[in-house]
There are 2 protein chains.
Amino acid sequence: MSELESVIRQLEALDHRITPSRVAVIAAVLAQSGHFSVETIVHQARGVGRATVFRTMRLLTELDIVCRVLLEDASLHYRVSRRGHHHHLVCVSCGNVQDLDECAVSDLVRELAAATEYEIEGHWLEFYGRCAACRSSVALTT
Amino acid sequence: MSELESVIRQLEALDHRITPSRVAVIAAVLAQSGHFSVETIVHQARGVGRATVFRTMRLLTELDIVCRVLLEDASLHYRVSRRGHHHHLVCVSCGNVQDLDECAVSDLVRELAAATEYEIEGHWLEFYGRCAACRSSVALTT
DNA sequence: GTCTCACTGATACCAGGTCTCATAACCATG
DNA sequence: CATGGTTATGAGACCTGGTATCAGTGAGAC
């Protein structure tokens with residue numbers, strides 16, 4: 001079963017209609033290799049309205065088929081998701097994204113909850129740096 | 001020495017001109033109690049142009065006089081800064097912000113750097129929850 | 001005083017995203 | 001297969017947050 005079919009079945013299972021627009025958006029999303037902006041999908045899923053692309057992206061986010069990637073300038077990108085809660089390490093030079101397997105702050109969330117009496121509901125955690133490849137290419141050119 | 005004077009001296013010391021517009025923006029910023037959007041300052045520093053407010057906010061950020069607060073929807077707010085690198089715990093109900101003294105992920109950054117061969121340059125970390133006061137008021141009304 | 005350059009504000013612009021609304025497609029049911 | 005209710009669509013207006021442009025100004029060094 002292709003990835004596309006698999007996603008379509010998930011939608012069906014949750015009583016979402018399978019329409020040509022949705023399929024086009026999902027196919028475009030699955031074709032991306034790294035992280036991407038909604039605008040990229042708007043351009044690549046030609047013929048699908050802007051609003052529909054945004055609506056479909058929201059749907060895919062809710063279903064955990066894509067996840068949001070927060071860039072350093074606070075702009076939102078997306079990325080086909082490995083399931084479950086995790087964080088990213090983004091190369092600011094080539095854009096490569098490393099998924100970090102565990103949520104590194106779950107212990108911290110517990111400590112904070114105890115220390116502050118907040119009920120902690122969520123967090124943002126993203127790391128930025130330069131991957132090994134980009135570091136060595138910089139070293140070569142300087 | 002008032003806070004305003006102190007900030008003005010910092011600007012002077014770094015060869016930035018002290019202008020009425022800047023003073024108005026800084027005064028408006030210092031008058032905020034929690035976190036605030038640039039738009040708030042645009043409205044409160046009446047007579048100062050939009051662009052100038054944004055420029056001044058950038059300047060204040062660079063000088064570490066304010067810090068950026070990332071909200072859950074990825075929108076940027078600002079807050080008068082305690083100095084140095086730190087993170088926030090934001091109450092999603094009343095907007096109250098708790099500053100977290102230490103950077104909780106500095107150890108993690110080191111581990112990640114070793115494990116991934118990335119040179120890690122930065123990160124976002126913000127927590128969201130409900131403060132004790134908001135939790136109890138919810139408890140009362142439900 | 002005057003000269004120069006950083007600074008200013010009006011305004012146009014751009015990006016990212018939502019709202020509206022008439023229309024169309026879907027599909028369960030009689 | 002006709003019908004009807006719901007869900008989805010796309011065009012486009014709109015909104016928010018932020019930048020670029022550029023002629024004009026005023027701060028402060030001399």
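Letters A, B, ... are given to chains in the order of the sequence lines, protein chains preceding strands, and every chain is numbered from 1. In what follows, every heavy atom counts, from backbone to side chain, and hydrogens, waters and symmetry copies are set aside. On a predicted model such as this, the values are computed, not experimentally measured, just so you know.
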Are any of the side-chain heavy atoms of His88(A) and His86(A) separated by less than 4.5 Å?
yes
Side-chain heavy atoms of Thr56(B) within contact of Ile41(B), under 4.5 Å
no
So Phe127(A) and Val105(B), do their side chains get closer than 4.5 Å, heavy atoms only?
yes
Among dT11(C), dG10(D), dG18(D), which is the nearest nucleotide to the side chain of Val38(B)?
dG18(D)
Donor-acceptor pair present, Arg58(B) side chain and dG18(D) base, under 3.5 Å:
no
What nucleotide, of dC7(C), dC19(C), dT18(C), holds the atom closest to the side chain of Ala51(A)?
dC19(C)
Integer-rounded Å distance: dG17(C) P and Leu76(B) CG:
13 Å
Does Arg22(B) reach a base, just sugar-phosphate, or nothing at all? Heavy atoms under 4.0 Å.
sugar-phosphate
Would you say a side-chain N or O of Thr19(B) is under 4.0 Å from OP1 or OP2 of dG26(D)?
no
Distance criterion of 3.5 Å, no angle test: do you see the side chain of Arg17(A) paired donor-to-acceptor with the base of dT6(D)?
yes
Using whole Å, what does the distance between atom C1' of nucleotide dC7(C) and atom CZ of Phe54(B) come to?
18 Å
With sugar-phosphate meaning primed atoms plus P, OP1 and OP2, does Ser21(A) contact a base, only sugar-phosphate, or nothing at under 4.0 Å between heavy atoms?
sugar-phosphate
For His87(A) together with His123(B), are the ring centres under 6.0 Å from each other?
no
Out of dA20(D), dG16(C), dC19(C), which has the shortest distance to the side chain of Glu39(A)?
dG16(C)
From CG of Leu14(B) across to C1' of dA27(D) the rounded distance in Å is 17 Å
What's the CG-C1' distance between Asp15(B) and dT4(C), to the nearest Å?
15 Å
Residue met sooner reading DNA chain C from 5', once Arg50(A) and Arg55(A) are mapped to nucleotides:
Arg50(A)
When the nearest nucleotide of DNA chain D is assigned to Ile18(B) and to Val53(A) on a heavy-atom basis, which residue is associated with the more 5' position?
Val53(A)
Provide, to the nearest angstrom, the distance between the NE2 atom belonging to His77(B) and the C1' atom belonging to dG18(D).
14 Å
Whether Thr52(A) contacts dG10(D) is assessed here as follows: a side-chain N or O lying under 4.0 Å from the phosphate OP1 or OP2. Is that the case?
yes
Atom pair distance, as rounded to whole Å: CG in Asp73(A) and C1' in dG17(D)
13 Å
Could you state the CD1-C1' distance from Ile41(A) to dG17(C), rounded to the nearest angstrom?
16 Å
Could you state the atom-to-atom distance from CZ of Arg46(B) to C1' of dT8(C) in whole Å?
19 Å
Any heavy-atom pair between the side chains of Cys94(B) and Cys131(B) that's under 4.5 Å?
yes
